[in-house]
Amino acid sequence: MTKNDKRQTKVKLAVYGKGGIGKSTTSCNISVALAKRGKKVLQIGCDPKHDSTFTLTGFLIPTIIDTLQEKDYHYEDVWPEDVIYKGYGGVDCVEAGGPPAGAGCGGYVVGETVKLLKELNAFDEYDVILFDVLGDVVCGGFAAPLNYADYCLIVTDNGFDALFAANRIAASVREKARTHPLRLAGLIGNRTSKRDLIEKYVEAVPMPVLEVLPLIEDIRVSRVKGKTLFEMAEYDPSLNYVCDYYLNIADQILARPEGVVPNDAPDRELFSLLSDF
Ligand code: ADP
Ligand code: MG
């Protein structure tokens with residue numbers, strides 16, 4: 001493989017979705033799935049909750065904001081090993097962190113994180129960089145990862161609130177796609193065995209559905225254990241079927257899907273589409 005080929009295999013992903021929908025869980029397992037396929041992966045938690053990489057490392061790693069505070073915001077004193085931690089499967093992990101609760105701007109922190117990692121030349125080392133971002137507030141700062149991403153992935157369940165959030169994220173992707181080579185790879189259904197509302201939504205706003213994961217008790221437990229499903233499956237091979245969902249998503253991403261530039265639905269249309277009245 002030549003150097004140029006290697007550069008072409010690079011892919012940057014931004015995972016969005018309503019709070020608590022399963023973005024971090026899904027992100028960590030996709031990251032491991034990509035690592036299993038031989039890729040060098042960096043996962044960047046961009047949620048002020050700073051628990052994105054918890055199931056990869058088994059603990060809450062120090063955030064970029066903590067580290068910068070410790071170094072009096074002297075960026076030049078920050079080394080990659082201060083902020084990049086090794087997680088399961090060889091996945092590297094970063095947490096942006098957040099400002100003190102009720103003060104400052106979380107989106108600003110995301111911007112600073114990207115800036116710092118670029119200064120550390122950390123961006124060039126990886127085949128895949130995955131940003132795990134919250135999706136309720138798509139302000140300029142939280143939308144920043146879309147400036148760097150090739151693909152946006154949206155995690156949703158089969159309910160109104162998550163699909164409503166998904167539609168707002170789709171609108172952000174459409175806006176960013178005007179000036180960036182960004183595509184929406186599609187939706188990942190999570191924690192649902194039903195998909196009727198998801199189907200209704202993608203009929204109105206066409207986009208691929210990459211996978212739909214049901215509610216699986218072992219996924220809930222993985223959060224408590226601080227392990228990905230891949231690590232749990234090492235001891236319990238009956239969980240391999242869960243890993244297959246994530247491997248399937250990883251393989252679709254590595255196949256460089258065409259994706260879409262979505263046309264989000266107007267809010268009022270979405271209300272009537274997804275409601276019974
Ligand atoms: P987010 O990052 O979107 O805020 P998390 O990934 O932290 O959400 O997930 C919230 C909770 O839901 C966690 O306890 C996680 O274990 C659980 N969870 C996520 N996906 C599933 C699933 N498919 N089945 C069961 N529990 C899940
Ligand atoms: Mg999260």
Side-chain angles (χ1 to χ4, degrees), residues 6-7 9-15 22-71 75-98 109-110 112-133 145 148-149 153 218-219 221-236 239-240 242-243 246-247 249-251 253-254:
K6 189 150 191 260
R7 198 169 302 138
T9 63
K10 280 201 176 181
V11 56
K12 296 195 188 70
L13 309 169
V15 177
K23 295 178 293 297
S24 300
T25 308
T26 309
S27 294
C28 289
N29 285 288
I30 292 175
S31 288
V32 176
L34 289 162
K36 294 264 176 211
R37 296 300 194 226
K39 302 296 170 197
K40 193 162 165 33
V41 184
L42 173 67
Q43 181 168 323
I44 306 175
C46 297
D47 190 326
K49 219 163 73 172
H50 67 87
D51 64 346
S52 167
T53 57
F54 179 69
T55 57
L56 288 166
T57 60
F59 71 108
L60 291 175
I61 66 174
T63 66
I64 293 227
I65 279 302
D66 292 343
T67 309
L68 281 174
Q69 258 166 6
E70 224 171 77
K71 311 246 175 186
Y75 281 74
E76 66 282 4
D77 292 344
V78 179
W79 297 93
E81 55 270 31
D82 294 329
V83 289
I84 302 176
Y85 288 76
K86 274 263 169 278
Y88 177 78
V91 175
D92 278 355
C93 304
V94 166
E95 290 287 346
V109 174
V110 175
E112 290 301 290
T113 296
V114 171
K115 201 170 93 186
L116 177 67
L117 290 170
K118 278 194 154 176
E119 273 174 30
L120 295 174
N121 284 326
F123 268 20
D124 303 325
E125 277 182 43
Y126 296 94
D127 301 315
V128 182
I129 297 178
L130 185 155
F131 297 91
D132 172 14
V133 201
Y148 306 99
L153 298 159
D218 287 297
I219 299 184
V221 168
S222 77
R223 176 69 172 70
V224 183
K225 289 197 168 169
K227 290 183 173 21
T228 60
L229 267 295
F230 289 88
E231 192 172 1
M232 286 167 67
E234 274 181 23
Y235 308 97
D236 181 358
L239 294 177
N240 277 327
V242 188
C243 301
Y246 299 116
L247 286 164
I249 298 167
D251 287 340
I253 292 162
L254 292 176

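All of these numbers come straight from a predicted model, not from anything done at the bench.
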> What do the steps show when you test Tyr148 against Lys118 for side chain to side chain contact (heavy atoms under 4.5 Å, CB included), and what is the final call?
Replying inline: CA-CA 11 Å; Tyr148 306 99; Lys118 278 194 154 176; 3.5 Å; yes

> Between CG of Asp77 and CG of Asp82, what distance do you get to the nearest 0.5 Å?
Replying inline: 9.0 Å

>> Please find the pair of heavy atoms, one from Ala96 and one from Thr63, that lie closest to each other, and give the distance.
In response: O-CB, 3.7 Å

> Do Pro145 and Val110 have side chains that get closer than 4.5 Å, going by heavy atoms?
Replying inline: yes

>> So, taking the atom named CD in Glu234 and the one named OH in Tyr88, what distance separates them when rounded to the nearest 0.5 Å?
In response: 3.5 Å

>> Within 45 degrees of the ring normal and closer than 6.0 Å to the centroid, is that where the cationic atom of Lys115 sits relative to Tyr75?
In response: yes

> Minimum heavy-atom separation for Leu117 to Phe123, with atom names?
Replying inline: CB-CE1, 3.6 Å

> Would you call Tyr126 and Val41 a side-chain contact if the rule is heavy atoms closer than 4.5 Å?
Replying inline: no

> Does a sphere of radius 6.0 Å around NZ in Lys225 hold more than 12 heavy atoms from other residues, nucleotides or ligands, not counting ones at 6.0 Å or beyond?
Replying inline: no

> Hey, what do you get for CG (Leu130) to OG (Ser27), rounding to the nearest 0.5 Å?
Replying inline: 4.5 Å

> Looking at Ile44, Asp92, Ile61, Ile64, which hits side chain to side chain contact (heavy atoms under 4.5 Å, CB included) with Ile84?
Replying inline: Asp92

>> If the test is side chain to side chain contact (heavy atoms under 4.5 Å, CB included), which one of Leu34, Ile219, Thr228, Ile249 qualifies with Asn29?
In response: Thr228

> When rounded to the nearest 0.5 angstrom, what is the spacing between OG in Ser24 and NZ in Lys49?
Replying inline: 6.0 Å

> Once you round to the nearest 0.5 Å, how far does NZ of Lys39 lie from CG of Leu254?
Replying inline: 6.0 Å

> With a 4.0 Å cut-off, would you call Lys10 and Asp124 a salt bridge?
Replying inline: no

> Parallel, tilted or perpendicular for Tyr246 and Phe230, by the 30°/60° rule?
Replying inline: tilted

> Do you know which two heavy atoms are closest between Ala35 and Gly89, and how far apart they sit?
Replying inline: CB-O, 3.5 Å

> Any side-chain heavy-atom pair from Pro62 and Tyr85 closer than 4.5 angstrom?
Replying inline: yes

> Quick one: does Val128's side chain get under 4.5 Å of Lys12's, heavy atoms only?
Replying inline: no

>> Quick one, Arg37 with Leu247, criterion side chain to side chain contact (heavy atoms under 4.5 Å, CB included). Give me CA distance, side-chain angles, the key distance, then yes/no.
In response: CA-CA 8 Å; Arg37 296 300 194 226; Leu247 286 164; 3.9 Å; yes

> Are Gln43 and Thr53 linked by a side-chain donor-acceptor pair shorter than 3.5 Å?
Replying inline: no

> Any side-chain heavy-atom pair from Val15 and Thr26 closer than 4.5 angstrom?
Replying inline: no

>> For the CG atom of Leu13 and the CG atom of Asp132, what is their distance to the nearest 0.5 Å?
In response: 11.5 Å

> Do the side chains of Asp51 and Arg223 get nearer than 4.5 Å, heavy atoms only?
Replying inline: yes

> Looking at Cys93 and Leu42, what are the two nearest heavy atoms and their distance?
Replying inline: N-CD1, 4.2 Å

> Going by atom types only, do Asp47 and Ser52 share a side-chain donor-acceptor pair under 3.5 Å?
Replying inline: no

> Can you tell if the side chain of Val78 reaches within under 4.5 Å of the side chain of Leu116, non-hydrogen atoms only?
Replying inline: yes

> Is a side-chain donor or acceptor of Lys227 paired with a backbone partner of Met232 at a separation under 3.5 angstrom?
Replying inline: no

> Considering all heavy atoms of both residues, which atom of Gly87 and which atom of Thr57 are nearest to each other, and what is their separation?
Replying inline: CA-CG2, 4.1 Å

> For the residue pair Ala233 and Asn240, what are the closest heavy atoms and their distance?
Replying inline: CB-OD1, 3.6 Å

> Are any non-hydrogen side-chain atoms of Asp127 and Val11 less than 4.5 angstrom apart?
Replying inline: no

> Got a sec: does the OH of Tyr235 have more than 12 other heavy atoms crowding it under 6.0 Å?
Replying inline: no

